[in-house]
Amino acid sequence: MGILDAIQCTKVYLDTNIWIYALEGYPAFVQDLTQLFQSIDRGNLSVVTSELSLAEVLVKPFQNHDLAQQTTYQQLIINSQNLRVIPVSRQVLIEAAQLRASINIKLPDAIHAATALLTQCSTFLTNDQRFRSVPNLSVFLLSEMNSP
């Protein structure tokens with residue numbers, strides 16, 4: 001079953017690790033992520049992520065002084081017709097605090113989860129199983145999906 005068969009939805013939240021795997025071409029996930037991003041480009045999927053994703057993906061390129069990779073990430077994670085990049089607003093922070101109060105989750109993860117919940121994403125795509133503890137979040141792990 002491919003990634004598009006597994007998620008079967010119209011609004012997907014992409015966690016930071018999905019952006020990293022896609023841009024850096026992790027061999028185990030190349031086929032699935034190529035299908036996913038082609039579907040996004042065709043307008044078959046609406047994708048959401050937090051501005052926090054940009055801050056997280058830029059750490060390694062800044063450490064490595066890799067200007068090309070910094071630019072690529074900044075150009076990739078921008079608002080477009082099929083990608084909404086959601087600011088870390090007061091509402092997101094309040095929802096994140098509520099999540100942290102109810103489950104053991106780190107603040108960055110709580111911000112991602114809160115953003116997905118507030119934007120009513122039908123699927124949260126990640127490779128981090130800790131998100132499965134978030135109530136009302138439909139989590140799909142990339143590592144559990146296999147291309148045909």
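For reference, positions follow the sequence shown, starting with 1.
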Considering only Ile, Leu, Val, Met, Phe, Trp and Tyr, and joining two whenever side-chain heavy atoms are under 4.5 Å apart, list the other residues clustered with Leu118.
Leu52, Val88, Val92, Leu93, Leu107, Ile111

Check: Val57 and Leu76 side chains under 4.5 Å, non-hydrogen atoms
no

Just verifying a value: how many Å separate Leu83 CG and Thr49 OG1, rounded to the nearest 0.5 Å?
7.0 Å

Do you know which two heavy atoms are closest between Ala110 and Leu99, and how far apart they sit?
O-CD1, 3.8 Å

Spatial distance of atom CD (Gln75) from atom OG (Ser80) [nearest 0.5 Å]
13.0 Å

So CD of Gln70 and CG of Leu67: to nearest 0.5 Å the spacing works out to 5.0 Å

Are Leu142 and Leu14 grouped together when hydrophobic residues (ILVMFWY) are joined by side-chain heavy atoms under 4.5 angstrom apart?
yes

Closest approach of Ala96 to Ala114 (non-hydrogen atoms, all atoms of both residues)
N-CB, 3.7 Å

Do Leu33 and Leu54 share a hydrophobic cluster, counting only Ile, Leu, Val, Met, Phe, Trp and Tyr and linking them when any side-chain heavy atoms are less than 4.5 Å apart?
yes

According to side chain to side chain donor-acceptor pair (under 3.5 Å), does anything in residues 125-139 pair up with another residue at least two apart or in another chain? List the pairs.
Asp15-Thr126, Asn17-Thr126, Tyr21-Asn127, Asn127-Ser143, Asp128-Arg130, Arg132-Glu144

When rounded to the nearest 0.5 angstrom, what distance separates CD in Gln81 from CG in Asp41?
11.0 Å

Please find the pair of heavy atoms, one from Lys11 and one from Gln120, that lie closest to each other, and give the distance.
CD-O, 3.8 Å

Side chains of Ile77 and Val85 in contact at under 4.5 Å (non-hydrogen atoms)
yes

Step by step, would you call Val134 with Ile103 a side-chain contact (heavy atoms from CB on, under 4.5 Å)?
CA-CA 7 Å; Val134 178; Ile103 59 174; 3.8 Å; yes

Linked, directly or transitively: Ile105 and Ile94 (ILVMFWY side chains, under 4.5 Å):
no

Heavy atoms, side chains only, cut-off 4.5 Å: are Leu117 and Leu137 in contact?
yes

Answer yes or no: does atom CG of Asn64 have more than 12 heavy-atom neighbours from other residues, nucleotides or ligands under 6.0 Å?
yes

Student check: side-chain heavy atoms of Val48 and Ile86 closer than 4.5 Å
yes

By side-chain contact (heavy atoms from CB on, under 4.5 Å) - contacts of Thr34 (at least two apart):
Val30, Gln38

Taking Leu36 as the starting point, is it possible to reach Val47 by hopping between hydrophobic residues whose side chains are less than 4.5 Å apart?
yes

So the side chain to side chain donor-acceptor pair (under 3.5 Å) pairs with at least one residue in residues 105-114 (sequence neighbours excluded) are Tyr13-His112, Thr16-His112, Glu56-His112

CA sep, side-chain torsions, deciding dist, call: Thr115, Glu51, side-chain contact (heavy atoms from CB on, under 4.5 Å):
CA-CA 10 Å; Thr115 303; Glu51 285 182 338; over 6 Å; no

Of all pairs that satisfy ring pair (Phe, Tyr, Trp, His ring centres under 6.0 Å), the ones with a partner from residues 34-63, not counting sequence neighbours:
Trp19-Phe37

Which residues satisfy the side-chain contact (heavy atoms from CB on, under 4.5 Å) test with Glu24, sequence neighbours excluded?
Ile20, Tyr26, Lys60, Gln69, Tyr73

Starting from Phe140, can I reach Ile18 by hopping between I/L/V/M/F/W/Y residues whose side chains sit under 4.5 Å apart?
yes

